[in-house]
Amino acid sequence: MIANVEIDTEGYDLSSDLKERIQDRIGGLDEFMDTLDRGHVTVSWEGGPNEQTKIRAQAWGPDNRFEASDTDWKAETAIDKTRSKLESQVKEAHNKRISKRDDGHRE
């Protein structure tokens with residue numbers, strides 16, 4: 001689990017359940033790259049009278065910075081969609097690092 005995931009809100013009343021979900025979903029990205037050590041999530045409203053929840057998230061580790069966002073009518077869905085985007089970026093970076101390491105060991 002990424003130990004340091006900061007969560008900010010912009011005009012959004014964040015419940016403890018949503019805060020816990022963010023911690024679990026974004027904080028759990030270290031499953032794919034164990035060097036991730038920090039994260040930041042901003043939760044806000046998006047779009048006028050029929051507002052949706054917008055999630056903007058970042059995760060960092062040495063030599064890596066990942067960023068994604070998504071918006072949905074359901075906060076849980078916005079969190080999950082943002083997590084999915086970040087997960088894809090982290091996996092891609094991890095695979096590139098493994099590939100470079102493996103290429104360096106070939107004779």
Side-chain angles (χ1 to χ4, degrees):
M1 186 70 60
I2 299 173
N4 184 16
V5 177
E6 295 180 31
I7 302 172
D8 292 327
T9 60
E10 294 176 358
Y12 196 100
D13 186 18
L14 189 64
S15 71
S16 59
D17 288 344
L18 284 179
K19 185 174 182 176
E20 185 176 316
R21 185 178 190 93
I22 290 169
Q23 291 283 356
D24 289 343
R25 299 295 287 151
I26 304 305
L29 287 167
D30 67 335
E31 169 186 357
F32 307 105
M33 182 181 278
D34 62 3
T35 58
L36 294 176
D37 57 6
R38 292 180 295 137
H40 184 263
V41 177
T42 303
V43 184
S44 62
W45 293 109
E46 181 75 15
N50 297 315
E51 293 182 310
Q52 299 180 56
T53 300
K54 181 171 185 173
I55 304 292
R56 290 185 308 258
Q58 300 169 319
W60 296 274
D63 302 321
N64 291 293
R65 180 174 182 261
F66 306 101
E67 185 171 357
S69 65
D70 214 304
T71 305
D72 199 275
W73 297 107
K74 294 180 74 176
E76 295 86 352
T77 303
I79 294 165
D80 291 345
K81 288 164 57 175
T82 302
R83 154 65 188 234
S84 180
K85 290 177 180 181
L86 284 172
E87 183 179 319
S88 293
Q89 293 174 34
V90 170
K91 284 180 176 179
E92 181 179 339
H94 179 72
N95 290 338
K96 283 181 182 178
R97 187 169 57 176
I98 296 292
S99 178
K100 280 184 181 179
R101 183 190 70 203
D102 290 348
D103 287 346
H105 287 78
R106 292 188 182 147
E107 296 180 19

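Rounding to the nearest 0.5 Å places CD1 of I2 at 11.0 Å from CG of D34. Distance CD1/I26 to CD1/I79: 8.0 Å, rounded to 0.5 Å. Note that the CG atom of D72 and the OG1 atom of T77 stand 4.5 Å from one another [nearest 0.5 Å]. K96 NZ to N64 CG: the interatomic distance, rounded to the nearest 0.5 Å, is 10.5 Å. Between the OG1 atom in T35 and the CG atom in D63 there is a gap of 8.5 Å [rounded to 0.5 Å]. The structure places CZ of R56 at 9.0 Å from OG1 of T71, a figure rounded to the nearest 0.5 Å.
Looking at D70, its side chain never comes within 3.5 Å of a backbone N or O of A78 through a donor-acceptor pair. Listed for the Q89 side chain is a donor-acceptor partner under 3.5 Å among the backbone atoms of E67.
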Inset, instruction - Check the pair H40, T42 against side chain to side chain contact (heavy atoms under 4.5 Å, CB included), reporting the backbone distance first and the verdict last. - result: CA-CA 7 Å; H40 184 263; T42 303; 3.2 Å; yes
Inset, instruction - List the steps and the verdict of side chain to side chain contact (heavy atoms under 4.5 Å, CB included) for K74 and T53. - result: CA-CA 7 Å; K74 294 180 74 176; T53 300; over 6 Å; no
Inset, instruction - Begin with the C-alpha distance, continue with both residues' side-chain angles, and end with the deciding distance and a verdict on side chain to side chain contact (heavy atoms under 4.5 Å, CB included) for I7 and Q23. - result: CA-CA 9 Å; I7 302 172; Q23 291 283 356; 3.7 Å; yes
Inset, instruction - Verify side chain to side chain contact (heavy atoms under 4.5 Å, CB included) between R25 and V41, making sure each step is shown before the conclusion. - result: CA-CA 11 Å; R25 299 295 287 151; V41 177; over 6 Å; no
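For the pair L36/V90, a side-chain contact is recorded, criterion being any heavy-atom separation below 4.5 Å from C-beta on. Looking at heavy atoms from C-beta onward, D17 lies out of side-chain contact with R21 at the 4.5 angstrom threshold. Here the side chains of R83 and I22 are not in contact, with every heavy-atom distance at 4.5 Å or above.
Residue K19 qualifies as open at atom NZ: its count of foreign heavy atoms under 6.0 Å is 12 or below.
Contact detail for A75 and Y12: the closest heavy-atom pair is CB-OH, 3.5 Å. Residues A68 and T82 come closest through the heavy atom pair O-CG2, 3.6 Å.
Note on V5 and M1: separate hydrophobic clusters, where clusters join Ile, Leu, Val, Met, Phe, Trp and Tyr whose side-chain heavy atoms are under 4.5 Å apart, directly or indirectly. F32 and W60 fall into different hydrophobic clusters, where Ile, Leu, Val, Met, Phe, Trp and Tyr are joined by side-chain heavy atoms under 4.5 Å apart, directly or via other members.
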